[in-house]
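First up is the structure itself, then whatever we jot down about it.
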Protein chains: 2
Amino acid sequence: MTTPQRGRPKGQQASKLSSEKIIICAAELLQQQGKVPSLRQVSRALEVDPMALYHYFDNKAALLQALCLQLFTQLYQPSGRDFRLQIQRLCHSYLQLLSDYPGLLETVLSMADSGPAQVFCQRFEQALAPLNLSAAQQEAARDLLVDYLHGFALSMQCNRSGQPLTVAHSSAAINLYLDGLSAPNR
Amino acid sequence: MTTPQRGRPKGQQASKLSSEKIIICAAELLQQQGKVPSLRQVSRALEVDPMALYHYFDNKAALLQALCLQLFTQLYQPSGRDFRLQIQRLCHSYLQLLSDYPGLLETVLSMADSGPAQVFCQRFEQALAPLNLSAAQQEAARDLLVDYLHGFALSMQCNRSGQPLTVAHSSAAINLYLDGLSAPNR
DNA sequence: ATTAAAATTCTACACTGTAGATTTTGTAAT
DNA sequence: ATTACAAAATCTACAGTGTAGAATTTTAAT
């Protein structure tokens, strides 16, 4: 058992910590526990003082935002002509991330600029381009889908009923949505 | 300044507290602060010891559930032939409640049975009856709408961007949704 | 008169995020 | 070399959270 050593560690470039290490550790704990870990839990897992984390992040919210940015680089990148399939995959990927790492919804939603929701919207518009919707229609379609996904993600994470609610349970609603988009409006 | 009096109060039927008083107080604080108050804040406002609340509710979650039940008795009751209008009003009412009393979403979602979401679904199906959808279609339509509303409510409550997101901003998406429902499918 | 239940306060615990000061180490300037 | 300063960490401490458990007072029932 090594007793804690105060002050800057001796290693040259071997600082015990880094923002990457912190993020990875937080992600693991998040996945294991199924909820956002406390800073003390993260620091315990890293064998470090809680306040050390504040050298790398302004506060807990900033840490979670960085974690979100990192996680959502894995979001599915649509590329293909079949817009239905592309949107299905994009939604599935988005929901799977929110399901694997629950408790990030509020962080995601509070990151307006270039956050995960924004990235999703970009890729959504990209996949939807072939439909040639009007700007207003496209905006409404985007809003309906994005908020649906967030609501469904919240529903998964709050679900205490016996039968576990999984990403798969979203497909009927998403197909209905896509039917509505495909249908000639008015 | 009355010093706190320990033990059961003397009044015959005049117990200082009641579950109704607690719920009303919690609702007021929730509306004022825009977020769920702590039990200590509620107890302070009631000029009572925090632990007194536990005589009326098992825990904080139970208090919030009771509060939700009470609040959502105000939910719009659809009655009329125009299903579009009825659903619009129902959605507006649901969102307005979640907007006026923010922070209840997780409570609402964790109350599977006879909770607000359930009440909404009943009234939704009632309003949608004239459309004569198949059971599966109706279920998908319900899921899409309910989760959209929860996602939008969460979005309102997380929104830190300058322009305030209000219930009115949901109408375009809801109209798109209703268009999809009205259109002949396939 | 005795007992029990109801309604309340008190004390205490483990936990949270984080502000502020302190310590140690590495690096750059003189 | 010395001096200064920034970087990286720990320590202490605070105000806040939900809540378990015990003590207290009053009312109701036997």
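Sequence lines set the chain letters: A, B, ... in the order given, protein chains first and strands last, and positions in each chain run from 1.
The nucleotide whose nearest atom lies closest to any side-chain atom of B/N59 is, among C/dA19, D/dT19, D/dT26, D/dT19. In this structure, of C/dA7, C/dG17, D/dC11, it is D/dC11 that holds the atom nearest to the side chain of A/D49. In this structure, the nucleotide among D/dG18, C/dC10, C/dA19 sitting nearest to the side chain of B/L39 is D/dG18. The side chain of A/K16 approaches D/dT10 more closely than any other nucleotide in the set C/dT16, D/dG18, D/dT10. Comparing D/dC11, C/dT16, D/dG21 against the side chain of A/K60 picks out C/dT16 as the nearest.
Legend: salt bridge (charged side-chain N to carboxylate O under 4.0 Å, His left out) pairs involving residues 75-87 of chain A, not counting sequence neighbours, sorted by first then second residue: A/R84-A/D179.
Between the P atom of D/dT10 and the CG atom of A/L46 lies a distance of 10 Å, rounded to the nearest Å. Summarising the geometry, the separation between CZ on A/R6 and P on C/dG20 is reported as 17 Å, rounded to the nearest angstrom. One atom, CE of A/M51, and another, P of C/dT16, lie 15 Å apart when rounded to the nearest Å. Between the CG atom of B/L53 and the C1' atom of D/dA20 there is a distance of 15 Å, rounded to whole Å. For the pair B/E47 CD and C/dT9 C1', the interatomic distance rounds to 15 Å; values are reported in whole Å. Protein atom OH of A/Y54 is 18 Å distant from nucleotide atom P of D/dT12, rounded to whole Å.
Judged by distance alone with a 3.5 Å cut-off, no donor-acceptor contact links the side chain of A/R8 to the base of C/dT23. Residue A/R40 places a side-chain atom within donor-acceptor reach of the base of C/dG17, judged by atom type and a 3.5 Å distance cut-off alone.
Taking for each of B/Q41 and A/Q5 the nucleotide of DNA chain D with the nearest heavy atom, the 5'-most of the two is the partner of A/Q5. Place A/D58 and A/S38 on DNA chain C by their nearest nucleotides, and A/S38 ends up nearer the 5' end.
Residue B/Y56 has a polar side-chain atom (N or O) positioned under 4.0 Å from OP1 or OP2 of C/dT8. At least one side-chain nitrogen or oxygen of A/H55 sits closer than 4.0 Å to the OP1 or OP2 atom of D/dA8.
Formation of a donor-acceptor pair under 3.5 Å by the A/Y177 side chain with backbone atoms of A/A141 is found in this model. Side-chain atoms of B/R160 come within 3.5 Å of backbone atoms of B/C158 as a donor-acceptor pair (strictly under, hydrogens ignored). When atom types are taken as modelled, the side chain of A/Q88 and the backbone of A/S171 share no donor-acceptor pair closer than 3.5 angstrom.
Remark: aromatic rings of A/Y94 and A/F72 are close, center separation under 6.0 Å.
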